[in-house]
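For reference, the structure is listed below as C-alpha cells.
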Amino acid sequence: IYVYGDPLEYTGTGKELLFGFLTALVIIAPFYSLYKFGPVVVDQTSLVAQIALVLFYAVGIILAVFLYHFAVFRTFRYRLSRTRWRGIVAGLNGSSWRYAKTGLFYSLLTVVSLGIAYPLQNVVLFRKRVEAAYLGSASFRFDGIVKPLLWRWVFLWIPLATLTGIALFIVMRYVNSLEPFLQAGTKPPDPSSFETKAITALPFLYIAAIVGYYWYRVARLRYFLDHLHIAGISFQSEFKFHRLILAAILYGLATGVIVL
C-alpha cells in the first residue's frame, strides 16, 4: 500500500505472531476440552446434569464470542503498532476489554434480531476500531451510518433466510417421518414432489448464501473505506465483486490442480 508515493512499512515478525497464537491456544484449549468431553463425563440421564450442560454451553459460547472480539482488537492493535509511514508510527488507543464487551453486546443483539442487526454491529465495531487508531499525531475518523448497509443486508438476508428456513423445515419433517419405517425395517415412502424440490433447493440456497455474504462484504469494505478520513485525507475503494469471484474461482482451480 502506497500513500503519496511512499509505502506503508510493516515491522512485525513471525516469532511475535507465533507467540500470540500459542498464547491464544493455551487459553482456548481447556474450554475446548470441557466442551468436547463434558457430555461424556457427565451423567446425561440426570435432569440436573442436562441443565448444567446447557448452562455450560451457553456460558462457553458467550465467552468464546467475548474472546473473539478481544482477539480482533488486540490483533488490530498489534498490526498498527508495527506499521510505519515515512518513519511515523501508527497505533491504537482504547481498552480491549471494553471493545470485547461492546462486541459481545452487539453480537447478542444480532442473534436476538435474527441477524437483521448485523450491519449495526459492523458499523459500531468498525467505528470503535478506527476512531481509536492514529498515525503520528493524527487520528482517523469514520462518518459512515448504518442505513446504506442495512438496506443491502436486508435485501440479501430476509429472502435467503426465509427460503432456507422453509426448505430446512420441509426436509427435517420428511427425515423425521422416516424413523418409524426404519425401526420397523420396512421401505420408507419416497418424498413428495414438494419435498423433493426442497431437498434439491438446499444446496443452491447454501451457495447463494455464500455468494451473497461475500457480495455484502465487498459492499461493506467499499463503504467503510469511502467514509474513512485522516488529517483531511479521504480514502476510496474501487474493488469490484467480480474480482473477488474471479480470484476465488482461480484459487479453487489451482487448489484442485495441486490436490490432483
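- In terms of hydrophobic clustering, with Ile, Leu, Val, Met, Phe, Trp and Tyr side chains grouped at heavy-atom distances under 4.5 Å, V130 and V124 are assigned to a common cluster.
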Return all side-chain donor-acceptor pairs below 3.5 angstrom for residues 217-226, not counting sequence neighbours, or 'none' if the list is empty.
unit_1 : atom_1 : unit_2 : atom_2 : d
R220   : NH1    : Y118   : OH     : 3.4
R220   : NH1    : N122   : OD1    : 3.2
R222   : NE     : S237   : O      : 3.4
Y223   : OH     : I145   : N      : 2.8
Y223   : OH     : I145   : O      : 3.2
D226   : OD1    : S237   : N      : 3.1

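- Contact detail for L92 and Y134: the closest heavy-atom pair is N-CE2, 3.5 Å.
- Listed by chain and residue number, nothing satisfies the salt bridge (Lys or Arg N to Asp or Glu O under 4.0 Å) test with D190 (two or more places apart in sequence, or in another chain).
- A side-chain donor-acceptor contact under 3.5 Å links W157 to the backbone of L114.
- Put simply, the side chain of F194 does not reach to within 4.5 Å of the side chain of Y174, judged on heavy atoms.
- Pairing each heavy atom of H227 with each of G144, the nearest pair is CB-N, 3.8 Å.
- Taking 4.5 Å as the limit, some side-chain heavy atom of L149 sits within range of a side-chain heavy atom of Y216.
- Going from atom OH of Y106 over to atom OG1 of T110 covers 10.0 Å, rounded to the nearest 0.5 Å.
- Contact record, A209 with L160: CA-CD1, 3.7 Å, taken as the closest heavy-atom pair.
- The number of heavy-atom neighbours closer than 6.0 Å to CZ of R79, taken from other residues, nucleotides and ligands shown, is 12 or below.
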Residue pair Y213, W153: steps toward the side-chain contact (heavy atoms from CB on, under 4.5 Å) verdict:
CA-CA 9 Å; Y213 176 70; W153 178 251; 4.1 Å; yes

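- Rounding to the nearest 0.5 angstrom, the gap separating the CD1 atom in I170 from the OG atom in S192 is 8.0 Å.
- Of all the heavy atoms in L205 and A167, the pair that sits closest is CD1-CB, 4.1 Å.
- R127 CZ: more than 12 foreign heavy atoms inside a 6.0 Å radius.
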Please evaluate residues L120 and L150 with respect to the criterion side-chain contact (heavy atoms from CB on, under 4.5 Å), reporting the C-alpha separation (whole Å), side-chain torsions for both, the decisive distance (0.1 Å), and the verdict.
CA-CA 8 Å; L120 176 62; L150 181 62; over 6 Å; no

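- Linking Ile, Leu, Val, Met, Phe, Trp and Tyr residues whenever their side-chain heavy atoms come within less than 4.5 Å leaves Y206 and I166 in two separate clusters.
- Cluster annotation: V146 and V154 are assigned to the same hydrophobic cluster (Ile/Leu/Val/Met/Phe/Trp/Tyr, side-chain heavy-atom contacts under 4.5 Å, transitive).
- Taken to the nearest 0.5 Å, the CD atom of E195 stands 11.5 Å off from the OG1 atom of T200.
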Please walk me through it: do F241 and V211 pass side-chain contact (heavy atoms from CB on, under 4.5 Å)?
CA-CA 10 Å; F241 177 64; V211 174; 3.8 Å; yes

Applying side-chain contact (heavy atoms from CB on, under 4.5 Å), run through F73 and L125 and close with a yes or a no.
CA-CA 10 Å; F73 193 84; L125 296 181; over 6 Å; no

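- Judged by distance alone, the side chain of S81 and the main-chain N or O of Y78 form a donor-acceptor pair under 3.5 Å.
- Under the 3.5 Å distance criterion, the side-chain polar atoms of H69 are matched with a main-chain donor or acceptor of G103.
- Summarising the geometry, atom CD1 belonging to I230 is positioned 15.0 Å from atom CZ belonging to F142; distances are rounded to the nearest 0.5 Å.
- Separating the CD1 atom in I207 from the CG atom in L202 is a distance of 11.5 Å, to the nearest 0.5 Å.
- Placement of F169 and V171 in two distinct hydrophobic clusters is found when ILVMFWY residues are connected by side-chain heavy-atom separations under 4.5 Å, directly or transitively.
- Here CG of L108 is found 9.5 Å from CD of Q121. Values are rounded to the nearest 0.5 Å.
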Show every donor-acceptor pair shorter than 3.5 Å between a side-chain atom in residues 94-101 and any protein atom, with sequence neighbours excluded, or say none if there are none.
unit_1 : atom_1 : unit_2 : atom_2 : d
S95    : OG     : W97    : N      : 3.2
S95    : OG     : R98    : N      : 3.3
Y99    : OH     : R129   : NH1    : 2.7

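- F76 and L104 are members of different hydrophobic clusters when ILVMFWY side chains are connected at heavy-atom separations under 4.5 Å.
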